[in-house]
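Working notes for the structure below.
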Amino acid sequence: MSSKLHREFFAIRLDAASTAWVPVPSSAGRIEELVLADNLDAAARTGSRTRLARWAAGALIDRPVIHDFHEEVFIVEGELVVGCNAEGQGGEAFGPYTFACRPPGVWHGPFASPAGCVMLEFQYYG
């Protein structure tokens, strides 16, 4: 497993045009990520990733998801609805300074963000 690159403190400007947000595959461009540190190797099931995930207003993951890595999520701004239906209705809303910790194999979701949100996420094996 390769180690993460050393990165000293650096400014993150969430809405700056120069910030390199990348669309998350299969999110139809409604969810973007800004990877801060990464050596996650899904094939070898090693490493970790630290990222910001930015959900556009109206973003929806319409079915529960499951993965084989640990995931910790901290909502920085906005609101995320957890446990809604496939149309984004119902569920429980969580706002800034709320946290979730999920071990591998835990079903979670569906999710919606009617007004958008930004989350700090830690994903790791081990």
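We're numbering straight along the sequence, starting at 1.
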Notebook entry, point to check: Shortest non-hydrogen contact from Pro103 to Cys101?
Noted result: CD-O, 3.9 Å
Notebook entry, point to check: What closest approach, in Å, do Cys84 and Gly90 show between heavy atoms, and which atom pair accounts for it?
Noted result: CB-O, 3.6 Å
Any side-chain heavy atom of [X] sitting closer than 4.5 Å to one from [Y]?
X: Arg54; Y: Thr19; value: no
X: Leu80; Y: Phe111; value: yes
X: Pro110; Y: Asn85; value: no
X: Val82; Y: Phe94; value: yes
X: Trp55; Y: Ile61; value: yes
X: Tyr97; Y: Val76; value: no
X: Leu36; Y: Leu52; value: yes
X: Ile12; Y: Leu34; value: yes

Next item on the list: Run through Thr50, Val73, Ile75 and flag the one making a side-chain contact (heavy atoms from CB on, under 4.5 Å) with Leu120.
Entry: Thr50
Check: Given Arg49 and Asp41, is the salt bridge (charged side-chain N to carboxylate O under 4.0 Å, His left out) satisfied, shown in steps?
Finding: CA-CA 9 Å; Arg49 174 177 296 134; Asp41 183 338; over 6 Å; no
Margin query: Please determine whether side-chain contact (heavy atoms from CB on, under 4.5 Å) holds for the pair Glu77 and Cys117, giving the CA-CA distance in whole Å, both sets of side-chain angles, and the decisive distance to 0.1 Å.
Written below: CA-CA 5 Å; Glu77 63 182 38; Cys117 68; over 6 Å; no
Any donor and acceptor pair, going by atom type alone, linking the side chain of [X] with main-chain N or O of [Y] inside 3.5 Å?
X: Trp21; Y: Leu14; answer: yes
X: Asp68; Y: Pro104; answer: no
X: His108; Y: Pro64; answer: no

Check: For Val81 and Ser113, what are the C-alpha separation, side-chain angles and deciding distance, and is it a side-chain contact (heavy atoms from CB on, under 4.5 Å)?
Finding: CA-CA 6 Å; Val81 177; Ser113 188; over 6 Å; no
Notebook entry, point to check: Excluding sequence neighbours, so at least two apart, what forms salt bridge (Lys or Arg N to Asp or Glu O under 4.0 Å) with Arg51?
Noted result: Glu33, Glu121
What's the separation between atom [atom1] in [X] and atom [atom2] in [Y], rounded to the nearest 0.5 Å?
X: Asp38; Y: Leu5; atom1: CG; atom2: CG; answer: 9.5 Å
X: Arg102; Y: Trp107; atom1: CZ; atom2: CH2; answer: 13.5 Å
X: Ser18; Y: Arg13; atom1: OG; atom2: CZ; answer: 8.0 Å

Next item on the list: Go through the structure and list residues passing side-chain contact (heavy atoms from CB on, under 4.5 Å) with Arg7, not counting sequence neighbours.
Entry: Phe10
Next item on the list: Take Glu72 and Tyr124 through the side chain to side chain donor-acceptor pair (under 3.5 Å) test and state the conclusion after the steps.
Entry: CA-CA 9 Å; Glu72 298 179 25; Tyr124 56 93; 2.6 Å; yes
Item checked: Same apolar cluster (I L V M F W Y, side chains within < 4.5 Å links), Ile31/Met119 -> yes
Next item on the list: With sequence neighbours left out, write down each residue that passes ring-ring contact (aromatic ring centres under 6.0 Å, His included) with Phe99, or none if nothing qualifies.
Entry: none
